[in-house]
Asker: 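Quick one: the structure is below, questions incoming.
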Amino acid sequence: ANLAIVYSYEPENYFCSICINTFDYIKLSNINQLNINLYNECVKYFPIDYCNPFNNINSNNNIDYSNKESREICQELNVCPLKLSEKWESMSLVNDNYDIRVAKAIGSRGYDKIRLSVISNQTIDSDLFDYSEQFKHRWTDKYLNTGIVTITPGVVNTISITKDSSIDVYIPNEGDGIRGVIIADPCFQSQWITCAYKDKFDMFDHLTSLLNAINSHDDVHFWQILGDNFYDQ
């Protein structure tokens, strides 16, 4: 017999995110942020079923929300939990300054091209990057530095990001076999949705330990995320 598993969307896991996004839209629309009816605003952007719980929330109270972050507002309305203390928050950036990402460049750029991206606390002065700007919508205290870099396939390429920081990048010769890890919809924190299994399966430690163990071998070439990227919006 064929077995089928039916997954249903559970709006209650996303009320916090829906609330935050609703207030984000409110702020973008520049409407008067006094006497806001959260339900009425929510249904402008989301299905009614997703907004029904906000029917009983009184968000007018003559409070001016214009100088508050959307998450802070939703916390005050008891839609989002107060600041959580979770394992991922204790992880610092590489050298306390950089978060580095390397991805294969789009095929039309050529096999020997990669995209190197570095998230930092300030712009990085380097010929590697053709774009170095502050984030505009999220993570606005950070900067994105990114560019296309030419490397030599089949050998380890050492790339100097700054005078004190470098990384080794390897891609196999064109046509050779590759080995990698693919993860779908990872979830290890509850800032945006309710991550039901983050503690039960210790997702943060298990995922990072798994990837670190696998990538400690020289014959692994990549790891990849399918679906939502850590629900970080």
Asker: For the residue pair Thr146 / Ser117, report whether a side-chain donor-acceptor contact shorter than 3.5 Å exists.
Answerer: yes

Asker: Would you check, one step at a time, whether the test ring-ring contact (aromatic ring centres under 6.0 Å, His included) holds for Phe204 with Phe188?
Answerer: CA-CA 5 Å; Phe204 182 78; Phe188 56 70; 5.1 Å; yes

Asker: What pair of heavy atoms forms the shortest contact from Pro172 to Pro153, and how long is it?
Answerer: O-CB, 3.7 Å

Asker: Do the side chains of Phe54 and Tyr14 join up, straight or via other hydrophobic residues, at under 4.5 Å, putting them in one cluster?
Answerer: yes

Asker: Count I, L, V, M, F, W, Y as connected when their side-chain heavy atoms are under 4.5 Å apart, and connections chain through other members. Are Ile148 and Leu116 then in the same cluster?
Answerer: no

Asker: So which atom in Lys27 and which in Ser70 form the shortest heavy-atom distance, rounded to 0.1 Å?
Answerer: CE-OG, 3.7 Å

Asker: Mind checking whether Ile48 and Leu38 sit in one hydrophobic cluster, side chains of I, L, V, M, F, W, Y counted as touching below 4.5 Å?
Answerer: yes

Asker: Is there a side-chain contact between Phe222 and Ile178 in this structure, where contact means two heavy atoms from C-beta onward sitting under 4.5 Å apart?
Answerer: yes

Asker: With side chain to side chain donor-acceptor pair (under 3.5 Å) as the test, pick out the partner of Ser132 among Asn145, Thr123, Asp125.
Answerer: Asn145

Asker: Roughly how far, to the nearest 0.5 Å, is CD1 of Ile18 from OH of Tyr45?
Answerer: 14.0 Å

Asker: Look at atom CG of Asp218 and say whether more than 12 heavy atoms of other residues, nucleotides or ligands are closer to it than 6.0 Å.
Answerer: no

Asker: Does Lys104 make a cation-pi contact with Tyr111, if we ask for NZ or CZ under 6.0 Å from the ring centre and within 45° of the axis?
Answerer: yes

Asker: Is there a side-chain contact between Glu76 and Lys68, using heavy atoms and a 4.5 Å cut-off?
Answerer: yes

Asker: Compare all side-chain heavy atoms of Ile171 with those of Ile151 and state whether any distance is below 4.5 angstrom.
Answerer: yes

Asker: Taking Ile225 as the starting point, is it possible to reach Leu211 by hopping between hydrophobic residues whose side chains are less than 4.5 Å apart?
Answerer: yes

Asker: Does atom CD of Glu69 have more than 12 heavy-atom neighbours from other groups under 6.0 Å away?
Answerer: no

Asker: For atom CG of Asp127, decide whether the heavy atoms of other residues, nucleotides or ligands shown that lie under 6.0 angstrom number more than 12.
Answerer: no

Asker: Using the side-chain contact (heavy atoms from CB on, under 4.5 Å) rule, take Ile124 and Phe129 through it: C-alpha gap first, then chi angles, then the decisive distance, then the call.
Answerer: CA-CA 8 Å; Ile124 299 175; Phe129 308 119; 3.9 Å; yes

Asker: How about Asn212 and Thr208: does a side-chain donor come under 3.5 Å of a side-chain acceptor?
Answerer: no

Asker: Taking the side chain as everything from C-beta on, heavy atoms only, tell me whether Cys16 gets closer than 4.5 Å to Arg71.
Answerer: yes

Asker: Roughly how far apart are Leu77 CG and Glu72 CD, rounded to 0.5 Å?
Answerer: 10.5 Å

Asker: Report yes or no: do Val181 and Tyr170 belong to one cluster of Ile/Leu/Val/Met/Phe/Trp/Tyr joined by side chain heavy-atom distances under 4.5 Å?
Answerer: no

Asker: Write down the atom of Gly177, the atom of His221, and the distance for their closest heavy-atom approach.
Answerer: O-CE1, 3.8 Å

Asker: Could you walk me through whether Ile161 and Ser166 pass the side-chain contact (heavy atoms from CB on, under 4.5 Å) check?
Answerer: CA-CA 5 Å; Ile161 297 172; Ser166 64; over 6 Å; no

Asker: Can you name the nearest heavy-atom pair linking Val79 to Phe15, along with the distance?
Answerer: CG1-O, 3.5 Å

Asker: Going by heavy atoms in the side chains, are Leu28 and Ile26 under 4.5 Å from each other?
Answerer: no

